[in-house]
Visitor: 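Sending over a structure as structure tokens; questions will come in a sec.
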Number of protein chains: 2
Amino acid sequence: MGQDKPKYQQLKEYLIELIDSNELTKGNRIPSENELAGRFNISRHTVRRGISELVNEGVLTTTQGKGTFVNQGFRNNRQNLIIGVITTYIGDYIFPSIIRGIDQVLSENGYSIALGCTNNQFEKERQCLENFLNQDIKGLIVETTKSALPNPNFELYEEFKKRNIPVLFMHGSYKGCSASSIYVDDVEAGYLATKHLIELGHKKIAGIFKIDDIQGHARFEGFCKAHKEFGIALNDNRVLWFDTNDLKYKFSMQSGEIIIEFFEDCTSLVCYNEQIGLKLIDIIRGKGGIIIPNRLSLVSFDDSDLAVASEVKMTTVAHPKEKLGIEAANLMLKMITENQEVFKVKMTPELVIRNSTGPVTG
Amino acid sequence: MGQDKPKYQQLKEYLIELIDSNELTKGNRIPSENELAGRFNISRHTVRRGISELVNEGVLTTTQGKGTFVNQGFRNNRQNLIIGVITTYIGDYIFPSIIRGIDQVLSENGYSIALGCTNNQFEKERQCLENFLNQDIKGLIVETTKSALPNPNFELYEEFKKRNIPVLFMHGSYKGCSASSIYVDDVEAGYLATKHLIELGHKKIAGIFKIDDIQGHARFEGFCKAHKEFGIALNDNRVLWFDTNDLKYKFSMQSGEIIIEFFEDCTSLVCYNEQIGLKLIDIIRGKGGIIIPNRLSLVSFDDSDLAVASEVKMTTVAHPKEKLGIEAANLMLKMITENQEVFKVKMTPELVIRNSTGPVTG
DNA sequence: ACTTGTTGGTTGTGCATACAAGTTAGGCAT
DNA sequence: ATGCCTAACTTGTATGCACAACCAACAAGT
């Protein structure tokens with residue numbers, strides 16, 4: 001053995017080499033403490049110290065009276081590579097795709113995902129964060145909860161920073177927090193959608209946006225930007241805002257009349273996402289008379305499964321979804337190796353033209 | 001202090017109490033080893049042993065020359081309640097709902113989810129299992145990968161059993177493995193779907209099923225059972241089998257002619273799931289001439305979002321999805337408290353009648 | 001003002017020893 | 001042959017000692 005390292009350390013390395021070279025394998029008993037002490041001419045106490053560390057690392061198990069045994073092989077690669085992922089919702093709409101993208105990259109690199117889900121509540125976000133602080137995670141990817149509001153869990157994020165655990169925010173980061181983030185340019189998305197309609201000759205364009213969601217605001221901003229750029233006046237009556245609760249009631253068949261009245265004098269519609277878009281298509285179909293895209297052109301956002309589910313294949317501005325997840329995961333891996341650097345990545349959405357939009361008629 | 005427990009253990013408890021009662025909080029230095037040794041009249045070595053265990057548990061940090069300090073609070077509730085969840089796919093179809101159901105229950109009970117995803121490959125399943133063996137999980141919920149084939153990762157499941165970590169299989173368990181499982185009665189599902197058509201007067205019923213999936217077999221079995229029960233002959237030419245690879249090619253517009261020919265002389269169709277159902281509706285719509293349900297009644301399975309996405313609202317046999325996840329999670333919690341018992345839970349699917357089916361005409 | 005050395009305190013490594021407690025196998029008595 | 005006991009071996013707990021490495025603060029010298 002060498003001379004600089006402590007003896008118990010040298011013993012550890014000796015034992016690990018025995019295991020790695022398969023001279024000792026799962027279930028085998030290692031020499032007794034006294035035997036090792038005698039063989040290397042060190043005290044039993046020193047042997048015990050080395051062994052106890054390996055027990056802590058999960059390599060060995062000791063049983064009083066019987067001996068010390070090599071564990072079942074699995075813990076030999078003594079790494080615990082977990083990335084925490086916190087999203088607002090699992091299982092809805094585009095979130096699964098994002099998670100799948102993340103998983104794809106991470107699992108290829110030997111990491112696994114620990115999942116948390118906030119349901120857009122700060123309290124649950126806090127729980128998730130505390131949970132992850134108790135685990136030995138190597139990084140954290142967070143989809144921000146209520147990103148427009150000040151975040152009460154700020155100190156917990158600071159704690160990750162203190163521990164040198166990189167944190168990456170998705171879909172916008174919290175104010176005043178100089179953390180890394182990856183997000184989609186939703187202003188551009190709104191702009192692209194609206195511009196597409198304008199270029200088809202539309203001038204009376206209605207818009208439906210979500211009010212309690214930063215993406216809704218951003219898409220509306222793009223909506224305005226396009227109007228301004230092409231010198232088209234923006235009519236407030238043509239913009240409809242809704243929030244999460246409205247989803248169940250506002251867009252049902254029963255209230256269909258009201259909705260249809262809303263965009264009656266328009267030739268086209270920018271629609272916050274495809275869940276809403278699909279409900280509108282249903283309402284319009286039920287009502288009869290209005291044909292897409294002849295009478296009404298419809299642009300939506302995200303390009304989820306729902307975009308092509310009905311007979312009307314929606315023109316939409318595609319959210320990168322899986323690609324966003326992949327980018328996020330790659331970025332996280334980069335952050336883990338390159339210490340503490342701050343990245344800001346913007347992803348650009350793309351217009352996908354299908355047959356829910358057409359040139360303005362009549 | 002007491003008398004039965006080892007002294008280093010008593011010291012640990014003493015220190016933890018100091019921390020829990022906030023007499024020592026994050027960042028504080030604890031008394032030096034010599035001081036503690038003197039105060040309790042034990043040897044410094046014994047003190048060191050107690051402290052070293054607390055260091056290992058993440059409660060304390062020692063620095064040579066400076067002293068030993070209390071860590072930043074969060075690890076004080078020294079629990080690590082994680083449940084491993086392995087599914088074939090994340091993000092597709094009904095799986096997100098199942099995961100959401102699991103998360104809902106577990107997070108309420110202070111657990112968090114560690115996610116793994118096999119893409120239906122044994123190799124990746126193995127990776128996930130080894131990963132979870134390296135973590136300190138309290139239970140494992142597995143959606144079986146290629147459940148019809150013998151499983152090469154059997155020994156890994158055995159290892160969980162050995163460590164007293166309960167394992168719960170979803171959607172069928174591996175052969176020869178006496179583990180707990182929760183599953184949907186897919187034979188009943190196939191039976192319900194077919195019976196519904198028969199009761200509407202249909203006698204020429206086509207079927208499309210997935211061959212590399214145990215659910216496909218089961219639903220087909222129910223399909224046969226209904227035919228037999230009502231004394232209707234089963235024609236092999238009316239049953240079409242496909243596997244995962246076919247998804248991309250077999251059910252596209254290009255090959256639409258062949259598909260349509262296949263059920264040309266039938267009045268109704270039992271369709272493996274709604275992904276396929278929707279593609280068929282697309283093909284039929286593109287071809288023109290065939291109207292659902294007038295010329296062709298269509299029953300599908302699962303009741304996902306896709307069932308009501310198009311203008312044809314599909315009659316379907318509903319998979320419990322989220323409810324299955326909730327049940328699975330509850331069962332897991334039960335298994336954790338009640339040691340090593342084996343549960344078998346069967347969930348019954350329900351027929352949801354919409355307007356893709358109607359009485360036979362002509 | 002700055003460097004250097006000393007001093008006393010802290011944790012880190014290491015040795016020798018003793019007895020307690022659990023496991024196993026072989027020997028003895030029944 | 002069966003069952004109990006003991007001896008020998010294992011790890012677990014505990015003490016006492018010695019010196020090394022490191023840290024902070026203060027004092028002395030430049």
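Below, read A as the first sequence line, B as the second, and so on, with proteins coming before strands; counting in each chain starts at 1. Heavy-atom basis, side chains included; hydrogens, waters and symmetry copies ignored. Since we're looking at a predicted model, the values are computed, not measured.
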Visitor: Tell me, for nucleotides 9-17 of chain C in 5' to 3' order, what letter each nucleotide earns: B for a base near a protein heavy atom under 4.0 Å, S for only sugar-phosphate near one, - for neither?
Guide: BBBBBSB--

Visitor: Please determine whether side chain to side chain contact (heavy atoms under 4.5 Å, CB included) holds for the pair Met335(B) and Ser180(B), giving the CA-CA distance in whole Å, both sets of side-chain angles, and the decisive distance to 0.1 Å.
Guide: CA-CA 9 Å; Met335(B) 288 170 74; Ser180(B) 296; 3.3 Å; yes

Visitor: Is the backbone of Ala179(A) close enough, under 3.5 Å, to the side chain of Lys344(A) for a donor and an acceptor to pair up by distance?
Guide: yes

Visitor: So, the side chain of Ser112(A) versus the backbone of Ser107(A): is there a donor-acceptor pair under 3.5 Å, distance only?
Guide: no

Visitor: Name the atoms and distances for all side-chain donor-acceptor pairs under 3.5 Å in residues 36-48 of chain B, with sequence neighbours left out.
Guide:
{"from": "Arg39(B)", "atom 1": "NH1", "to": "Tyr14(B)", "atom 2": "OH", "distance (Å)": "2.9"}
{"from": "Arg39(B)", "atom 1": "NH2", "to": "Glu35(B)", "atom 2": "OE2", "distance (Å)": "3.3"}
{"from": "Ser43(B)", "atom 1": "OG", "to": "His45(B)", "atom 2": "N", "distance (Å)": "3.4"}
{"from": "Ser43(B)", "atom 1": "OG", "to": "Thr46(B)", "atom 2": "N", "distance (Å)": "3.2"}
{"from": "Ser43(B)", "atom 1": "OG", "to": "Thr46(B)", "atom 2": "OG1", "distance (Å)": "3.0"}
{"from": "Arg44(B)", "atom 1": "NE", "to": "Glu33(B)", "atom 2": "OE1", "distance (Å)": "2.7"}
{"from": "Arg44(B)", "atom 1": "NH2", "to": "Glu33(B)", "atom 2": "OE1", "distance (Å)": "3.0"}
{"from": "His45(B)", "atom 1": "NE2", "to": "His45(A)", "atom 2": "NE2", "distance (Å)": "2.2"}
{"from": "Arg48(B)", "atom 1": "NH1", "to": "Glu33(B)", "atom 2": "OE1", "distance (Å)": "3.4"}
{"from": "Arg48(B)", "atom 1": "NH1", "to": "Glu33(B)", "atom 2": "OE2", "distance (Å)": "3.0"}

Visitor: Is it true that a side-chain atom of Asn153(B) and a backbone atom of Phe122(B) form a donor plus acceptor pair closer than 3.5 Å?
Guide: yes

